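Treat the numbers as computed from the prediction; the structure is a model and nothing was measured. To find a chain, count down the sequence lines: A is the first, B the second, and so on, and within it residues start at 1.
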Amino acid sequence: MKAVHAFCVVLLVFGSVSEAKFDDFEDEEDIVEYDDNDFAEFEDVMEDSITESPQRVITTEEDEDETTVELEGQDENQEGDFEDADTQEGDTESEPYDDEEFEGYEDKPDTSSSKNKDPITIVDVPAHLQNSWESYYLEILMVTGLLAYIMNYIIGKNKNSRLAQAWFNTHRELLESNFTLVGDDGTNKEATSTGKLNQENEHIYNLWCSGRVCCEGMLIQLRFLKRQDLLNVLARMMRPVSDQVQIKVTMNDEDMDTYVFAVGTRKALVRLQKEMQDLMVHFLTHYADKIESIHFSDQFSGPKIMQEEGQPLKLPDTKRTLLFTFNVPGSGNTYPKDMEALLPLMNMVIYSIDKAKKFRLNREGKQKADKNRARVEENFLKLTHVQRQEAAQSRREEKKRAEKERIMNEEDPEKQRRLEEAALRREQKKLEKKQMKMKQIKVKAM
Amino acid sequence: MSTNNMSDPRRPNKVLRYKPPPSECNPALDDPTPDYMNLLGMIFSMCGLMLKLKWCAWVAVYCSFISFANSRSSEDTKQMMSSFILWPLSLLPSAAVLDFPE
């Protein structure tokens with residue numbers, strides 16, 4: 001009985017151990033092979049651990065080193081145990097396995113089986129931890145784009161500069177023979193010719209010429225394409241545009257008669273009509289590939305200025321002006337030698353300046369022009385009548401307020417009294433005047 | 001007068017100095033590209049910094065470059081530099097690629 005009891009206890013102990021192992025083994029094959037034999041588990045475990053552990057070494061990467069060390073240790077131990085077992089078995093074949101032999105060994109299968117419990121997933125090293133070029137493809141792309149942009153900026157800037165210089169070299173003689181002052185940026189104390197273009201931008205160059213009969217001055221603006229901006233270059237591939245030369249001649253008042261005249265491509269004139277305040281007259285449309293538009297006016301005041309208060313209160317100041325806009329041939333693919341083609345156009349400009357001085361409207365034309373102008377002014381005044389009244393009212397109120405303040409601030413009481421009296425008298429006079437006016441209107445109505 | 005030849009149209013006594021056109025109307029008429037690009041650059045760099053988006057930072061870089069290329073000479077360099085300074089701030093964290101998700 002006691003022996004049986006002891007045997008049962010031993011069985012229980014081994015059973016609990018084996019059950020634990022049974023739980024650990026999630027692998028079906030192991031569970032299937034698993035025997036009720038108390039000690040068979042060790043055989044299976046040993047064999048399986050031997051066969052599976054090399055595989056485990058191959059599959060797990062994360063704990064690679066750890067597993068190999070442990071398993072190597074295990075292998076050595078196993079081999080050692082085997083040898084011991086073999087020798088022992090050789091000696092005692094019939095005897096069952098000694099518990100003591102496998103004391104240390106029990107833990108290792110446990111650890112290996114516990115490793116089996118964790119599902120082993122193969123995880124790739126995340127991209128941002130890799131040190132390969134592929135992970136930086138966005139940066140490389142962007143930097144390449146930026147370098148391309150910078151290269152284009154330098155090339156475009158240089159080309160524009162060369163074109164401007166070529167234009168100036170071609171036209172320098174003509175300008176210097178016609179104007180005293182060629183090239184002025186307005187910063188020097190004395191009016192001396194700088195003899196070079198004024199660079200406003202990477203694509204806009206100005207030149208101011210002055211000192212001639214008939215005209216006050218001439219401003220030439222070379223408006224090149226934005227070759228320095230890559231976006232613009234790409235946009236121009238869709239829609240070809242030309243470089244432009246804009247010339248604005250400000251005439252003396254006495255040298256130009258009262259007329260407005262415009263010639264140009266239809267598109268240019270439509271746009272001009274919208275933008276310029278003085279283009280109200282009937283214009284001719286005449287195609288010329290180099291001439292974008294020609295616009296002579298005695299009422300030139302610049303483009304329409306958008307004002308916040310609605311209608312401007314008075315007509316803007318006007319100047320007598322001739323405006324020319326020329327397209328540079330080449331429609332974008334311009335070379336410095338193309339600038340020579342513009343020289344005849346500049347001659348035409350000079351010629352028109354002289355001609356404009358001589359051109360006089362005949363009597364009828366003059367009358368018509370004057371009538372038109374008077375009509376325009378009247379219309380304008382009507383439109384702004386209300387606004388002008390309000391403005392006048394507000395000005396009067398301001399004056400009154402200023403006077404009152406002055407009276408209040410006056411420290412001397414005598415002076416204060418006198419000022420007050422003066423103000424009163426002025427108001428009385430005004431009232432009287434108004435009354436007189438009303439009476440007159442009444443009389444007229446009657 | 002000997003100087004008043006018919007063939008020579010120049011008149012030294014009638015020289016007028018160059019006056020740059022008034023600046024109130026001009027900025028509105030001029031191309032608004034540099035101003036828009038400046039603004040966009042600042043917005044994108046802020047977005048890139050706050051929301052940690054790498055592409056925003058790169059777009060900001062491009063915007064500030066375009067604004068610089070299109071800028072007028074009369075513009076204040078300070079204004080231009082403001083957008084130029086912001087994009088490195090948003091791009092530098094992304095340069096340490098670990099911080100930004102791809």
Rounded distance [0.5 Å steps], [atom1] in [X] versus [atom2] in [Y]:
X: A:Tyr153; Y: B:Asn70; atom1: OH; atom2: CG; answer: 9.5 Å
X: A:Leu138; Y: B:Lys54; atom1: CG; atom2: NZ; answer: 5.5 Å
X: B:Met37; Y: A:Asp229; atom1: CE; atom2: CG; answer: 8.5 Å
X: B:Asn13; Y: A:Thr180; atom1: CG; atom2: OG1; answer: 8.0 Å

So what's closer than 4.5 Å to chain B heavy atoms on [X]: side chain, backbone, both or neither?
X: A:Asn232; answer: neither
X: A:Ser177; answer: backbone
X: A:Phe179; answer: backbone

Contact summary for [X] and [Y], nearest pair of heavy atoms:
X: A:Met142; Y: B:Tyr62; result: O-OH, 3.0 Å
X: A:Glu139; Y: B:Trp58; result: CG-CZ2, 3.9 Å
X: B:Leu16; Y: A:Ser210; result: N-OG, 2.9 Å

Check: B:Tyr18 main-chain N/O paired with A:Asp184 side-chain donor or acceptor under 3.5 Å: yes

Which one of A:Lys157, A:Gln228, A:Lys226, A:Glu202 has the most heavy-atom pairs closer than 4.5 Å to chain B?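 Among A:Lys157, A:Gln228, A:Lys226, A:Glu202, the one with the most close pairs to chain B is A:Lys226.
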
List for me each residue that meets side-chain contact (heavy atoms from CB on, under 4.5 Å) alongside A:Ile154, sequence neighbours excluded, and say none if there are none.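 Scan of A:Ile154 (side-chain contact (heavy atoms from CB on, under 4.5 Å), adjacent residues dropped) gives A:Ile150, A:Asn158.
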
salt_bridge(A:Glu176, B:Arg10) N-O dist < 4.0 Å: no

By salt bridge (charged side-chain N to carboxylate O under 4.0 Å, His left out), which residues pair with A:Glu216, not counting sequence neighbours? A:Lys319

Whether over 12 other heavy atoms sit under 6.0 Å from A:Lys159 NZ: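 Yes, NZ of A:Lys159 has more than 12 neighbouring heavy atoms, counting only those of other groups under 6.0 Å.
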
